[in-house]
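Please read these numbers as outputs of a predicted model, since none were measured by experiment.
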Amino acid sequence: MTPQPDPAEALAAIAEARRGVHDRVAGDGWRYDLTYAGLVAAMVGAQALDQPFSIVGIALGVAGLAVIFQRETRRTGVRVTGVSPRRARWVAIGMGLLMGAAMMGMVALRHLTPADFPLIPAVFAVMVLTFAVALIGSRIWRRVYRAEMGAGE
């Protein structure tokens, strides 16, 4: 029979593993965050296009997100989904809700504005705003994630 580990040693091993994950994820993430923000802004902007182009824009954006997720997983050796740990999950959910609202707003802008409305400048402005919000949100998520993983919660 294998000896039972001391609970304090087991907790210390868990904390050490979490710090290892923290150290791998805490590295340079600007390339990921900038790419993520650009893809999200493009997906929001695609909603101003006619069908089927808006669907193609979403599909390409989702494919791009999958590519950067896989690349980040290979870089860090850790598959981080964005919904764990606890506080980082709420940042990710908030970001998703904001981006969904931006997409719905873009659809409304496209379909509810008069024909003489300057759509291209409005779409560009929304995309720039979306890029900024996605970038800031991504950096906040990363900071919250690092804090939780480093604290050993």
Side-chain angles (χ1 to χ4, degrees), residues 14-153:
I14 291 169
E16 181 61 31
R18 288 178 70 98
R19 278 191 294 279
V21 169
H22 168 273
D23 293 345
R24 283 186 274 171
V25 175
D28 180 36
W30 277 103
R31 184 180 330 154
Y32 178 90
D33 294 338
L34 289 167
T35 306
Y36 165 79
L39 287 168
V40 170
M43 289 169 59
V44 168
Q47 297 312 297
L49 300 173
D50 289 328
Q51 296 293 339
F53 302 111
S54 63
I55 295 170
V56 171
I58 290 292
L60 291 174
V62 169
L65 291 174
V67 167
I68 66 170
F69 174 77
Q70 289 300 326
R71 192 175 66 202
E72 188 75 357
T73 298
R74 280 194 302 275
R75 182 183 76 80
T76 63
V78 179
R79 186 174 293 263
V80 179
T81 62
V83 295
S84 178
R86 187 177 39 211
R87 289 182 195 97
R89 173 184 316 133
W90 291 110
V91 175
I93 289 170
M95 288 296 301
L97 290 172
L98 284 173
M99 296 308 116
M103 286 182 186
M104 292 295 103
M106 189 62 70
V107 169
L109 183 68
R110 169 81 170 107
H111 295 288
L112 300 178
T113 55
D116 62 343
F117 183 79
L119 189 61
I120 292 175
V123 169
F124 182 73
V126 171
M127 288 177 68
V128 168
L129 180 63
T130 300
F131 179 88
V133 169
L135 181 60
I136 291 166
S138 185
R139 297 309 294 177
I140 290 170
W141 180 89
R142 189 175 294 274
R143 179 172 283 167
V144 169
Y145 181 85
R146 288 180 193 158
E148 283 191 90
M149 293 305 288
E153 289 184 17

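For P118, the side-chain contact (heavy atoms from CB on, under 4.5 Å) partners at least two apart in sequence or on another chain are P121. With sequence neighbours left out, S138 forms a side chain to side chain donor-acceptor pair (under 3.5 Å) with D33.
Between T35 and R71 the shortest side-chain heavy-atom distance falls below 4.5 Å. M99 is listed as a side-chain neighbour of V133, based on a closest heavy-atom distance under 4.5 Å. In this structure, the side chains of Q47 and I58 come closer than 4.5 Å at one or more pairs of heavy atoms. Using a 4.5 Å cut-off on side-chain heavy atoms (C-beta onward), M95 and Y36 make contact. Looking at heavy atoms from C-beta onward, M103 lies out of side-chain contact with T130 at the 4.5 angstrom threshold. In this structure the side chain of Y32 reaches within 4.5 angstrom of the side chain of R142, judged on heavy atoms.
Put simply, the side chain of E148 gets close to the backbone of R87: a donor and an acceptor are under 3.5 Å apart.
The number of heavy-atom neighbours closer than 6.0 Å to CZ of F117, taken from other residues, nucleotides and ligands shown, is above 12. Applying the 6.0 Å contact sphere to CZ of R143 captures no more than 12 heavy atoms from other residues, nucleotides or ligands.
For the atom pair I140 CD1 and L135 CG, the distance stands at 10.0 Å (nearest 0.5 Å). Taking CD1 of I55 as the start and CG of L49 as the end, the distance is 11.0 Å to the nearest 0.5 Å.
For residues 52-66, the side chain to side chain donor-acceptor pair (under 3.5 Å) pairs, not counting sequence neighbours, are Q51-S54.
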